[in-house]
Asker: 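Starting off with a structure, shown below.
Below, chain A is the first sequence line, B the second, and so on; all start at residue 1. For the numbers below, each heavy atom of this structure counts, side chains included, while hydrogens, waters and symmetry mates do not. The structure displayed is predicted, hence computed values, not measured ones.
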Number of protein chains: 2
Amino acid sequence: MDTKEEILNAAEVLFARAGYHAASMRAITESAGVNLALVNYHFGSKEALLEAVIARRLRPVNELRLRRLQEIRSRAGERNISPDLPEILRAYIEPVFGTGESERGWADFANLIGRAFTETDETAQKILLRHMKPANQLMLELLGAALPDLSGQEVFWRYQFLIGALGRAIRMNSSPGYERLKKNFEADSETLIRMLVSFAGAGMGSGERREGLR
Amino acid sequence: MDTKEEILNAAEVLFARAGYHAASMRAITESAGVNLALVNYHFGSKEALLEAVIARRLRPVNELRLRRLQEIRSRAGERNISPDLPEILRAYIEPVFGTGESERGWADFANLIGRAFTETDETAQKILLRHMKPANQLMLELLGAALPDLSGQEVFWRYQFLIGALGRAIRMNSSPGYERLKKNFEADSETLIRMLVSFAGAGMGSGERREGLR
DNA sequence: GAGTGTTTTAAACGTATGTTTAAGTTTACC
DNA sequence: GGTAAACTTAAACATACGTTTAAAACACTC
């Protein structure tokens with residue numbers, strides 16, 4: 001019964017490294033050590049397999065994200081203050097780099113996520129957006145509350161910039177093939193998160209009245 | 001003799017909208033109104049066609065980028081001051097949104113560029129990186145000079161964040177399919193450039209001693 | 001205006017893809 | 001221990017892809 005798991009693991013690696021279209025069913029099943037027809041038997045289709053791969057890992061990430069964002073919102077609501085921007089950013093960014101237990105295979109999945117943000121192929125993107133929608137909506141709402149002096153348009157686009165930077169960071173961090181580019185600039189996940197929060201915090205808050213007055 | 005141009009135009013649109021692999025030779029030639037075999041006759045292969053599509057538009061962009069960046073460097077060198085960060089950013093970002101004459105087809109090509117930054121398929125990415133390498137190297141050098149208090153690692157990663165944000169901005173701006181997401185937040189290119197420069201400027205400069213002392 | 005080199009055409013080639021089939025094997029339950 | 005369900009297998013299917021071929025159409029020079 002671990003055939004399904006075997007397939008999921010192999011598919012995760014190949015989808016992440018080669019992309020959805022380029023990862024063939026034959027390569028996936030061969031890497032999993034199972035028969036070609038088993039993907040269709042267990043999952044129905046290649047696209048359903050991708051869906052399963054994404055759902056398996058993304059569910060805990062999104063649950064953690066949502067929980068942390070909701071806590072920030074309710075805390076700000078109680079005390080009647082604006083939510084703290086760096087705190088929001090960290091709640092949004094951190095879970096994507098692993099849910100803590102630093103499981104095997106996270107690098108590959110992170111790579112898959114990083115891709116899907118800007119994926120050529122819309123199959124992966126659509127699935128991801130569907131899974132992320134609740135967290136993304138709450139995120140946008142909190143950003144608006146944290147940046148009350150900014151127009152909706154400004155908040156929206158700065159949020160898009162954040163997503164772009166985050167996606168790039170994830171891919172650079174987890175994808176083989178960037179080693180030569182990174183050379184001496186390697187950074188562990190915690191450092192990367194810190195740099196991202198600092199970068200996006202300054203970027204999003206620019207032009208905002210700082211300190212106190214609300 | 002404008003068969004080649006016809007093919008290039010059609011390929012640009014389809015590569016941008018569907019991605020390199022998903023855009024088939026048959027779809028390209030059909031859209032161009034020419035025979036299937038003519039791509040191989042005129043360009044040699046599908047990959048060579050992609051190369052030609054990219055080279056045609058990217059050359060002027062990169063020339064403009066390089067010229068502006070070089071001018072910033074030499075100006076800073078003469079006066080023996082650090083180059084100005086927003087100026088650097090604008091020189092790097094602006095040309096990607098069009099070389100001024102706002103030609104037809106730019107939206108599609110911009111989409112193609114935006115994708116290639118994080119493209120699943122490495123074919124497009126490799127070609128793009130090769131074309132952009134000189135400008136990117138100079139950019140990194142100038143950023144280091146503009147942010148003397150930052151470590152090489154910090155500069156490198158903030159530059160990567162910028163690339164991610166820029167790629168996302170380009171795609172959101174030029175790709176159909178984001179219309180529903182953008183809804184009321186539509187922004188013209190000039191506004192987008194301004195927001196990007198402001199966002200990246202604040203993000204990259206954060207933690208840097210500001211004003212004067214050097 | 002015959003002849004040469006270039007361009008275009010329709011058809012076929014070889015290969016790879018995701019999926020389905022039908023027979024085989026294992027597993028679990030009464 | 002027999003039976004039904006779940007699972008696995010090898011093979012074939014249908015389609016799509018990029019590329020090649022050989023003949024036809026065109027363009028241009030002498």
Side-chain angles (χ1 to χ4, degrees), chain A residues 1-56 108 112 115-116 119-128, chain B residues 1-56 108 112 115-116 119-128:
Chain A
M1 176 51 78
D2 57 353
T3 297
K4 287 180 75 168
E5 288 257 336
E6 218 67 63
I7 293 174
L8 282 173
N9 292 336
E12 180 172 80
V13 173
L14 291 177
F15 281 153
R17 301 198 180 167
Y20 173 71
H21 270 129
S24 73
M25 304 275 278
R26 283 164 179 82
I28 292 170
T29 50
E30 192 176 333
S31 160
V34 303
N35 186 277
L36 167 63
L38 288 182
V39 169
N40 289 291
Y41 175 76
H42 284 292
F43 296 94
S45 69
K46 187 186 181 183
E47 184 163 340
L49 171 62
L50 174 64
E51 164 88 39
V53 166
I54 291 176
R56 178 174 65 150
D108 284 308
L112 184 57
R115 272 182 170 165
E119 181 75 62
T120 284
D121 173 46
E122 320 213 333
T123 317
Q125 196 178 23
K126 264 166 35 186
I127 294 175
L128 250 121
Chain B
M1 175 52 78
D2 58 353
T3 297
K4 286 180 76 168
E5 289 258 337
E6 219 66 64
I7 294 174
L8 283 173
N9 291 337
E12 180 173 78
V13 173
L14 291 176
F15 281 152
R17 301 200 180 163
Y20 174 70
H21 270 130
S24 74
M25 304 274 279
R26 283 166 178 81
I28 292 170
T29 49
E30 192 175 333
S31 161
V34 303
N35 186 277
L36 167 62
L38 288 182
V39 170
N40 289 290
Y41 176 76
H42 283 293
F43 296 94
S45 70
K46 187 185 181 183
E47 185 164 339
L49 171 61
L50 174 63
E51 164 88 39
V53 167
I54 291 176
R56 176 174 67 150
D108 284 307
L112 184 57
R115 270 184 171 162
E119 179 75 62
T120 284
D121 175 45
E122 320 214 332
T123 317
Q125 195 177 21
K126 263 165 36 186
I127 294 175
L128 249 122

Asker: Between A/A18 and A/A23, which heavy-atom pair has the shortest distance, and what is it?
Answerer: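 So the minimum-distance heavy-atom pair works out to CB-N, 4.2 Å.
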Asker: State which residues pass side chain to side chain contact (heavy atoms under 4.5 Å, CB included) with A/N40; sequence neighbours excluded, sorted by chain then number.
Answerer: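 Partners of A/N40 by the side chain to side chain contact (heavy atoms under 4.5 Å, CB included) criterion, ordered by chain and then number, come out as A/M25.
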Asker: Can you tell me which residue pairs pass the salt bridge (charged side-chain N to carboxylate O under 4.0 Å, His left out) test with a partner in residues 30-54 of chain B, sequence neighbours excluded?
Answerer: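 Output for this query lists B/E51-B/R130.
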Asker: Could you state the CG-P distance from B/L14 to D/dG18, rounded to the nearest angstrom?
Answerer: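 For the pair B/L14 CG and D/dG18 P, the rounded distance is 11 Å.
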Asker: Can you check the A/E30 CD to D/dA10 P distance for me, whole Å?
Answerer: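 After rounding, the reported distance stands at 13 Å.
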Asker: Of all heavy-atom pairs between B/N35 and B/T29, which one has the smallest distance, and what is that distance?
Answerer: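 What the structure gives for the nearest pair is O-CG2, 3.6 Å.
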Asker: For every nucleotide of nucleotides 13-19 of chain C, 5' to 3': is a protein heavy atom under 4.0 Å from its base (B), only from its sugar-phosphate (S), or from neither (-)?
Answerer: ----BBB
Asker: Measuring to OP1 and OP2 of C/dT6, would you say a side-chain N or O of B/H42 lies under 4.0 angstrom away?
Answerer: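 No, because none of the side-chain N or O atoms of B/H42 sits under 4.0 Å from OP1 or OP2 of C/dT6.
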Asker: What is the distance, to the nearest angstrom, from the CG atom on A/L38 to the C1' atom on D/dA10?
Answerer: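 My rounded result for the distance is 12 Å.
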Asker: Check this one for me: any side-chain N or O of A/T3 less than 4.0 Å away from OP1 or OP2 of D/dT8?
Answerer: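 Affirmative; the distance criterion is met.
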Asker: Using every non-hydrogen atom in the two residues, find where B/A48 and B/S45 come nearest and quote the distance to one decimal.
Answerer: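 Heavy atoms only, the tightest pair is N-OG, 3.2 Å.
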Asker: For B/D2 and D/dA27, give me the distance from atom CG to atom P, rounded to whole Å.
Answerer: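 Distance, rounded to whole Å: 13 Å.
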Asker: Take atom CG of B/N35 and atom C1' of D/dT20, then tell me their distance rounded to the nearest Å.
Answerer: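 Whole-Å distance recorded here is 12 Å.
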Asker: Rounded to the nearest angstrom, tell me the gap between atom OH in A/Y41 and atom P in C/dG24.
Answerer: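 Rounding to the nearest Å, OH of A/Y41 and P of C/dG24 are 18 Å apart.
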Asker: Calculate, to the nearest 0.5 Å, the distance between atoms CG and CG belonging to B/L50 and B/L8 respectively.
Answerer: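 Taking CG in B/L50 and CG in B/L8, the distance rounds to 10.5 Å.
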